[in-house]
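First up is the structure itself, then whatever we jot down about it.
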Amino acid sequence: FFFKHKTAYEIPLRLVGSEMCIRDRDLETTSKNTKFSSICSVHMELVNDTFQSLDKYSSFCSLRPGIIPEIGAVLVTGLTPKILQQKNKSHFQMVKEIHHFIKSKKPVIMSGWNNILYDSMVLESAFYQCLLPVYVERLEGNRRHDLLSTARATSVFDPKKINYPLNEKKLPFFKLEDVCKANNINPEGDFHSSEVDVKSTIQIGKLIAEKCPLIWKSALLNLTKYEISNAVQKEKMFSTFESYYGRNHPKLGTWLCTHKAYKYELAWDLAQDPQEVINLMNDYSAFKKAISATPKKIRTIRPNRSQIILHPEQAQRVEPYSAISINTLNSRVNLINKNKERLTQLIDRINEEKVQEKQELDDQLEGSLYPEETIYPGSIQISKKDEKLMQDFHSSNDWNSRVKFIDKFDSQNFNWFCKRLIYDESPSSLSKEQFNEIHREIAKRLFSENEEKFVTIKEAQHQIDEKYGELEDTGLSL
């Protein structure tokens, strides 16, 4: 299942399916901040394992009240506020349709281009704010896959099979439009529309499946926490890669332990000799300093991030691991295994201190967060009472009957979302006091003079001035 949605900012996503289903999705949104984005358009396409289209969903909606799109997003997508205000479908209606479409096609693999770190986060925030079950993309047999991660893996472990454009440093870059052009993929229509981006992503996925089948199959194997944990724990060594500082870096690791609080896997980077830190295990301060020093010694393998796990030979063929003998690598693995219990105890202690520090910071910030910011990936706590109220809210036939749910939720955030949804969809259903509460809060946000995580009137004016300045410099005009 491949998909893309748009806020007034443009993004691609897809859904690649289990049970012979692949889905691609693309969204256009109003902002780069996933918690304050408002989806403007979406295209989702269900395909089978040979990339034949089986079903699709495509839609636009009106701009949500109180939302100012980022100016750069408007210029990229062409979805101006005037165009969006002419759409009859509301944001709430479209989000419900997206949610229903995903549920109706389960089980599928949701796939896209940088979807896990953007599109999926936007969707989950939209579901959260619309009082819908948040994790529909990764429950009931559904899984998530990021085609951008798979494309990067091909450039590291199976180079020259797929063409990637190079930047000024002669390094490959992975902008969807440019990757398509480099591989003679020319879909009809304009890039940065949801449908064209989805069609493009499907073609890139098909190309990788044909030319790099090992990486493609590996990418679809480890999409759940159980799968990826099992993959790294059962192997003596494994290959993966990380992307940072504009480069893709191969990694050869051996499993060390599981993070007690966050439950992701931690692996020792076999480019590093573990003897140094092992010698310091009786001096906690020195051990902590050494384990935290650069170069980084422990690598994080996160579930639900579409992280690719490959045979150790893949990383052994490239630097720096190609310069390390197999005997040395085996010796490092054996050293880790021999001292794993004590290493794990010390690393758990370091991680517990970090978790405590983060919790203290979160406690300080708690009262200053907007309701939209209270979505935390994988950790939303919803009471049974609120779950039932959310179901009943969506079962109600009209907005006047939904008013009775206001202030009934245990969560004050859900009470806010309930009032906000009624304000958006049927403001006359609210009492004067309720209407004024939401209206004043939206006005407060829009007229804020502070630097906010959403677009204010002041910020929009600044963005417009900047764009005019850029155009004047080039002799063009809006």
Side-chain angles (χ1 to χ4, degrees), residues 153 156-157 218 221-242 244 249-359 378-379:
V156 174
F157 297 118
S218 297
L221 282 177
N222 301 310
L223 298 177
T224 67
K225 184 186 184 319
Y226 170 79
E227 290 167 339
I228 201 163
S229 295
N230 188 52
V232 301
Q233 290 183 25
K234 73 178 182 179
E235 300 294 342
K236 183 176 182 179
M237 292 181 275
F238 62 88
S239 299
T240 187
F241 79 97
E242 296 179 4
Y244 50 88
H249 302 264
K251 299 296 175 185
L252 180 66
T254 187
W255 179 71
L256 184 56
C257 61
T258 303
H259 195 293
K260 275 192 170 182
Y262 303 142
K263 305 305 180 185
Y264 48 64
E265 307 303 331
L266 300 175
W268 184 270
D269 186 343
L270 291 171
Q272 310 302 321
D273 186 348
Q275 188 65 62
E276 176 193 355
V277 296
I278 288 172
N279 291 340
L280 299 172
M281 288 194 301
N282 293 324
D283 184 342
Y284 177 68
S285 296
F287 177 89
K288 181 178 179 181
K289 182 177 180 181
I291 207 76
S292 305
T294 55
K296 192 174 178 182
K297 299 166 183 64
I298 297 177
R299 299 292 166 181
T300 301
I301 312 296
R302 298 178 186 274
N304 296 317
R305 286 289 182 91
S306 197
Q307 194 154 357
I308 296 175
I309 306 299
L310 296 167
H311 192 277
E313 289 181 357
Q314 296 287 341
Q316 286 174 260
R317 293 200 297 257
V318 295
E319 293 182 351
Y321 308 98
S322 58
I324 306 173
S325 71
I326 187 63
N327 288 337
T328 299
L329 292 171
N330 283 327
S331 175
R332 291 176 180 179
V333 171
N334 293 336
L335 198 57
I336 289 291
N337 288 335
K338 182 180 178 180
N339 295 276
K340 184 171 288 186
E341 183 177 356
R342 180 58 177 157
L343 283 169
T344 299
Q345 290 173 351
L346 293 168
I347 290 167
D348 284 347
R349 181 178 171 184
I350 293 171
N351 288 336
E352 286 170 6
E353 291 173 358
K354 291 180 179 178
V355 169
Q356 182 62 35
E357 290 172 4
K358 183 180 183 301
Q359 185 60 55
S379 62

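Every heavy atom of this structure was used, including side-chain atoms; hydrogens, water molecules and symmetry mates were not. Nothing here was measured: the structure is a model prediction, and the numbers come from that model.
For Glu227 (side chain) and Thr224 (main-chain N/O), a donor-acceptor pair under 3.5 Å exists by modelled atom type. For the pair Lys296 (side chain) and Ala293 (backbone), a donor-acceptor distance under 3.5 Å is absent. A donor-acceptor pair under 3.5 Å is formed between the side chain of Ser239 and the backbone N or O of His311.
When all heavy atoms of Lys297 and Ala290 are compared, the pair lying nearest together is NZ-O, 3.1 Å. Among all heavy-atom pairs drawn from Thr258 and Asp348, the shortest one is O-OD1, 4.3 Å. Taking both residues in full, the closest heavy atoms of Ile291 and Lys288 are given as CG2-O, 3.3 Å, listed atom of the first, atom of the second, then distance. Minimum heavy-atom separation, Ile324 to Ala271: CD1-CA, 4.0 Å. Nearest heavy atoms, Ala261 versus Val355: CB-CG2, 3.8 Å. Nearest approach of Ala231 to Glu235, heavy atoms of both residues: O-CG, 3.3 Å.
By the 4.5 Å heavy-atom criterion applied to side chains, Tyr262 and Asn351 are not counted as neighbours. Residues Asn330 and Met237 meet the side-chain proximity criterion, which asks for heavy atoms closer than 4.5 Å. Gln272 has its side chain within reach of Pro295: a pair of non-hydrogen atoms, C-beta onward, lies under 4.5 Å apart. At least one side-chain heavy atom of Ile326 sits under 4.5 Å from a side-chain heavy atom of Gln316. Looking at Val156 and Gln314, their side chains never come closer than 4.5 Å, going by heavy atoms from C-beta outward.
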Taking it one step at a time, do Thr254 and Arg332 satisfy side-chain contact (heavy atoms from CB on, under 4.5 Å)?
CA-CA 9 Å; Thr254 187; Arg332 291 176 180 179; over 6 Å; no
Could you walk me through whether Gln307 and Asn222 pass the side-chain contact (heavy atoms from CB on, under 4.5 Å) test, one step at a time?
CA-CA 7 Å; Gln307 194 154 357; Asn222 301 310; over 6 Å; no
Between Ile336 and Trp255, does the side-chain contact (heavy atoms from CB on, under 4.5 Å) criterion hold? Intermediate values first, please.
CA-CA 9 Å; Ile336 289 291; Trp255 179 71; over 6 Å; no
As a quick check of understanding, evaluate side chain to side chain donor-acceptor pair (under 3.5 Å) for Asn337 and Lys340, giving each step before the final call.
CA-CA 5 Å; Asn337 288 335; Lys340 184 171 288 186; 3.2 Å; yes
Output, in order, the C-alpha distance, side-chain angles, deciding distance and verdict of side-chain contact (heavy atoms from CB on, under 4.5 Å) for Trp268 and Val277.
CA-CA 12 Å; Trp268 184 270; Val277 296; 3.5 Å; yes
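The CD1 atom of Ile308 sits 12.0 Å away from the CD1 atom of Ile301 when rounded to the nearest 0.5 Å. In this structure, CD1 in Ile309 is found 11.0 Å from CG in Leu221, a value given to the nearest 0.5 Å. Atom CD in Gln233 sits 11.0 Å away from atom CG in Leu256 (nearest 0.5 Å). Of the inter-residue distances, the one linking Lys251 atom NZ with Arg299 atom CZ reads 3.5 Å to the nearest 0.5 angstrom. Between atom NE2 of residue His259 and atom CZ of residue Arg302 there is a gap of 9.0 Å, rounded to the nearest 0.5 Å. From Leu346, atom CG reaches atom SG of Cys257 across 10.5 Å, with rounding to the nearest 0.5 Å.
Between Tyr244 and His249, the angle of the ring planes stays under 30°, which puts this pair in the parallel group of the 30/60° scheme.
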